[in-house]
Amino acid sequence: QVHLVESGGGSVQPGGSLRLSCEASGPLISISAMGWYRQAPGKQRELVAAISNYGAVTYYNDSVKGRFTISRDNAKNTIYLQMNSLQSEDTAVYYCSANRQWAALFEVDMITNWGQGTQVTVSS
């Protein structure tokens with residue numbers, strides 16, 4: 001079982017930036033694809049961004065393209081989400097997940113292994 005710990009959330013004003021981190025540990029984590037997800041109050045959890053095992057392939061939800069950047073440091077078993085130009089609609093709890101299969105990251109309802117999440121609040 002992969003253990004995931006998210007950090008870096010906080011409160012910022014619209015237009016601000018935050019950098020989230022997700023440290024992972026467990027079997028085969030270095031060759032797992034990983035993703036960032038978020039869940040706003042009253043809404044379903046959604047995939048925000050994903051990165052392949054060695055970082056060659058990335059995916060972004062249309063709502064964050066051009067504003068968020070996902071990256072990973074396999075030496076530290078950590079992925080990051082740099083969030084710029086934050087908007088109130090980005091307010092949510094952010095989670096990460098890992099899977100050896102890229103396609104599985106997109107099956108949000110099937111994912112059972114989550115970290116504790118980190119709260120991001122964008123408000124003036």
Side-chain angles (χ1 to χ4, degrees):
Q1 183 86 350
V2 174
H3 183 60
L4 304 159
V5 179
E6 301 95 338
S7 62
S11 296
V12 295
Q13 294 185 340
S17 298
L18 283 173
R19 188 193 194 205
L20 305 183
S21 299
C22 169
E23 184 174 358
S25 60
L28 303 175
I29 191 61
S30 63
I31 60 170
S32 293
M34 296 186 69
W36 281 102
Y37 302 76
R38 66 187 179 187
Q39 187 165 20
K43 294 188 176 181
Q44 291 187 327
R45 194 168 301 189
E46 64 176 353
L47 176 62
V48 174
I51 189 165
S52 60
N53 49 4
Y54 293 111
V57 179
T58 57
Y59 160 86
Y60 294 96
N61 188 302
D62 285 345
S63 65
V64 306
K65 281 182 180 176
R67 301 188 298 122
F68 291 10
T69 302
I70 190 171
S71 61
R72 69 187 295 161
D73 183 342
N74 282 352
K76 297 181 179 180
N77 290 336
T78 300
I79 65 168
Y80 305 95
L81 187 67
Q82 178 65 44
M83 305 186 296
N84 298 328
S85 302
L86 283 163
Q87 305 166 357
S88 58
E89 303 81 65
D90 298 316
T91 295
V93 179
Y94 284 71
Y95 303 86
C96 64
S97 188
N99 200 292
R100 292 192 64 192
Q101 296 185 4
W102 174 257
L105 294 179
F106 294 80
E107 300 176 2
V108 182
D109 292 343
M110 301 298 291
I111 298 172
T112 58
N113 188 29
W114 301 101
Q116 83 288 350
T118 186
Q119 175 70 48
V120 172
T121 302
V122 185
S123 174
S124 56

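Computed from a prediction, not measured in an experiment: that's the story for all the values here.
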*Asks:* Do we see a donor-acceptor contact under 3.5 Å between the side chains of Ser63 and Arg38?
*Replies:* yes

*Asks:* Test of understanding: with side chain to side chain donor-acceptor pair (under 3.5 Å), list the residues that count as partners of Glu107, not counting sequence neighbours.
*Replies:* none

*Asks:* With sequence neighbours left out, what residues match Phe68 under ring-ring contact (aromatic ring centres under 6.0 Å, His included)?
*Replies:* none

*Asks:* Can you give me the closest heavy-atom contact between Ser85 and Ser17, atom names plus distance?
*Replies:*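 Nearest heavy atoms, Ser85 then Ser17: N-OG, 4.3 Å.
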
*Asks:* To the nearest 0.5 Å, what is the distance between CG on Asn53 and CH2 on Trp102?
*Replies:*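 Going from the CG atom of Asn53 to the CH2 atom of Trp102 covers 9.5 Å.
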
*Asks:* What are the two closest non-hydrogen atoms of Gly35 and Ile79, and how far apart are they?
*Replies:*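 Where Gly35 meets Ile79 most closely, the heavy atoms are O-CD1, 4.1 Å.
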
*Asks:* Less than 4.5 Å apart, any side-chain heavy atom of Val108 and any of Gln44?
*Replies:*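 Sidechains of Gln44 and Val108: no contact.
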
*Asks:* What pair of heavy atoms forms the shortest contact from Leu86 to Val12, and how long is it?
*Replies:* CD1-CG2, 3.6 Å

*Asks:* Which atom names give the shortest non-hydrogen contact between Ala49 and Leu81, and what distance separates them?
*Replies:* CB-CD1, 4.1 Å

*Asks:* Provide the closest heavy-atom pair for Glu6 versus Gly117 in the form atom of the first, atom of the second, distance.
*Replies:* OE1-N, 2.9 Å

*Asks:* Mind checking side-chain contact (heavy atoms from CB on, under 4.5 Å) for Thr58 and listing every partner two or more places apart, or none if nothing turns up?
*Replies:* Ile51, Tyr60, Ile70

*Asks:* Does anything in residues 114-123 form a side chain to side chain donor-acceptor pair (under 3.5 Å)? List the pairs, not counting sequence neighbours.
*Replies:*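 Counting only pairs at least two positions apart or across chains, the side chain to side chain donor-acceptor pair (under 3.5 Å) contacts touching residues 114-123 are Gln119-Thr121.
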
*Asks:* Please say yes or no: joined through hydrophobic side-chain contacts below 4.5 Å, possibly via intermediate residues, are Val2 and Tyr95 part of one cluster?
*Replies:* no

*Asks:* Looking only at non-hydrogen atoms, find the nearest pair between Ala33 and Arg72 and report the distance.
*Replies:* CA-NH1, 4.1 Å

*Asks:* Any non-hydrogen side-chain atom of Leu105 less than 4.5 Å from a side-chain atom of Tyr37?
*Replies:*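 Yes; the side chains approach each other to less than 4.5 Å.
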
*Asks:* Between the side chain of Arg45 and the main-chain N/O of Val93, is any donor-acceptor distance below 3.5 Å?
*Replies:* no

*Asks:* Taking the side chain as everything from C-beta on, heavy atoms only, tell me whether Ser32 gets closer than 4.5 Å to Arg100.
*Replies:*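 Answer yes - side chains close enough.
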
*Asks:* Please identify each residue that fulfils side chain to side chain donor-acceptor pair (under 3.5 Å) with Lys65, with sequence neighbours left out.
*Replies:*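 So Lys65 forms a side chain to side chain donor-acceptor pair (under 3.5 Å) with Asp62.
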
*Asks:* At what distance, to the nearest 0.5 angstrom, does CG of Asn74 lie from CE of Met34?
*Replies:* 9.5 Å

*Asks:* Is it possible for you to say whether Tyr94 and Leu47 belong to one hydrophobic cluster, with membership spreading through side-chain heavy-atom contacts below 4.5 Å?
*Replies:*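 Different hydrophobic clusters.
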
*Asks:* Starting at CD of Glu46, measure out to CG of Asn61 and round the result to the nearest 0.5 Å.
*Replies:* 5.0 Å

*Asks:* For the hydrophobic clusters of this structure (ILVMFWY residues joined by side-chain heavy atoms under 4.5 Å, transitively), does one cluster hold both Tyr80 and Leu20?
*Replies:*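 In one cluster with Tyr80: Leu20, no.
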
*Asks:* Who pairs with Gln82 by side chain to side chain donor-acceptor pair (under 3.5 Å), at least two apart in sequence or on another chain?
*Replies:*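 Once residues adjacent in sequence are excluded, the partners of Gln82 under the side chain to side chain donor-acceptor pair (under 3.5 Å) criterion are Asn84.
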
